[in-house]
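Keep in mind that this is a model prediction, so the values were computed, not measured.
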Amino acid sequence: MKGVPKNQLSAHQELERENRLLRAEVDRLRYITQHITEVFWLRSADNRRMLYISPSYEKLWQQSSDSLMDDPNAFLESVHEEDREAVLQAFSDYTESELFDEEFRIRRPDGTIRWIWSRSSPIKDASDKLLYHTG
């Protein structure tokens with residue numbers, strides 16, 4: 001770069017290199033989350049907002065991702081009536097145990113039943129502060 005001191009140029013080049021690496025990493029993660037067949041999601045630390053839901057949700061649940069983004073608990077409506085109480089209890093226990101590992105049935109809009117194995121865990125930073133929930 002014309003007119004840029006040599007030591008600043010190398011710092012600038014290093015920043016550009018780091019940005020390229022970061023973009024490549026983001027692209028790889030986006031590819032994975034867009035193409036895995038399992039449903040992958042990310043919720044806020046307070047568990048009130050859905051931050052991401054993979055496209056496989058729409059295929060498996062036959063519901064729009066937007067419905068889940070609007071109401072993160074919308075998936076509960078499709079939980080089979082015989083399994084709903086256990087799922088609600090496990091979800092309630094999750095806030096204390098930080099473990100959600102449940103197998104249950106859902107009823108899709110077309111009436112078909114699908115078995116779901118759902119696992120969730122908290123994501124914390126180095127100081128043990130809760131950042132997100134994922135599953």
*Return the minimal non-hydrogen interatomic distance between S54 and E38, and the atom names on each side.*
OG-O, 3.5 Å
*asked:* How about CD on E96, more than 12 heavy atoms from neighbouring residues, nucleotides or ligands closer than 6.0 Å, or not?
replied: no
*Considering residues, nucleotides and ligands other than Y132, do more than 12 of their heavy atoms fall under 6.0 Å from its OH?*
no
_When you measure from the side chain of R84 to the backbone of L76, do you find a donor-acceptor pair of N or O atoms at a distance under 3.5 Å?_
yes
*Is there a donor-acceptor pair closer than 3.5 Å between any side-chain N or O of H133 and the backbone N or O of A45?*
yes
*Considering all heavy atoms of both residues, which atom of F100 and which atom of F91 are nearest to each other, and what is their separation?*
CE1-N, 3.5 Å
*Might you point out which heavy atoms bring V87 and V79 nearest each other, and give the distance in Å?*
CG2-CG1, 3.9 Å
*asked:* Between S56 and F40 (side chain of the first, backbone of the second, donor and acceptor by atom type, cut-off under 3.5 Å), is there such a pair?
replied: no
*Of all the heavy-atom pairs spanning M50 and M69, show the shortest one and how long it is.*
O-CE, 3.3 Å
*asked:* Does either side chain, that of R48 or that of S44, offer a donor lying less than 3.5 Å from an acceptor on the other one?
replied: no
*Donor-acceptor pair, side chain of R43 and main chain of N47, under 3.5 angstrom*: yes
_Rounded distance [0.5 Å steps], CG in D70 versus CZ in R49_ = 13.5 Å
_Starting from L88, can I reach L68 by hopping between I/L/V/M/F/W/Y residues whose side chains sit under 4.5 Å apart?_
yes
*Considering all heavy atoms of both residues, which atom of S67 and which atom of A74 are nearest to each other, and what is their separation?*
O-CB, 3.8 Å
_Reported CZ-to-CZ distance for the pair R30 and R23, which is rounded to 0.5 angstrom_ = 12.0 Å
_Side-chain heavy-atom pair L22, E18 within 4.5 angstrom cut-off_ = no
*Assess whether side chain to side chain contact (heavy atoms under 4.5 Å, CB included) is satisfied between R108 and S78, documenting all intermediate values.*
CA-CA 6 Å; R108 300 183 334 174; S78 63; over 6 Å; no
*Looking at side-chain heavy atoms only, is the closest gap between H80 and F104 below 4.5 Å?*
no
Which atom pairs, one a donor and one an acceptor, fall under 3.5 Å between side chains of residues 115-124 and the rest of the protein, sequence neighbours left out?
from, atom 1, to, atom 2, distance (Å)
W117, NE1, D101, OD1, 2.5
K124, NZ, E98, OE1, 3.2
K124, NZ, E98, OE2, 2.8

_Distance (rounded to the nearest 0.5 Å) between E102 CD and D93 CG_ = 8.5 Å
*asked:* Tell me if the CD atom of E85 is crowded by more than 12 foreign heavy atoms within 6.0 Å.
replied: no
_Rounded to the nearest 0.5 Å, what separates atom CZ in R114 from atom CZ in R105?_
13.5 Å
*Would you confirm whether T134, through its side chain, and W41, through its main-chain N or O, come within 3.5 Å as a donor-acceptor pair?*
yes
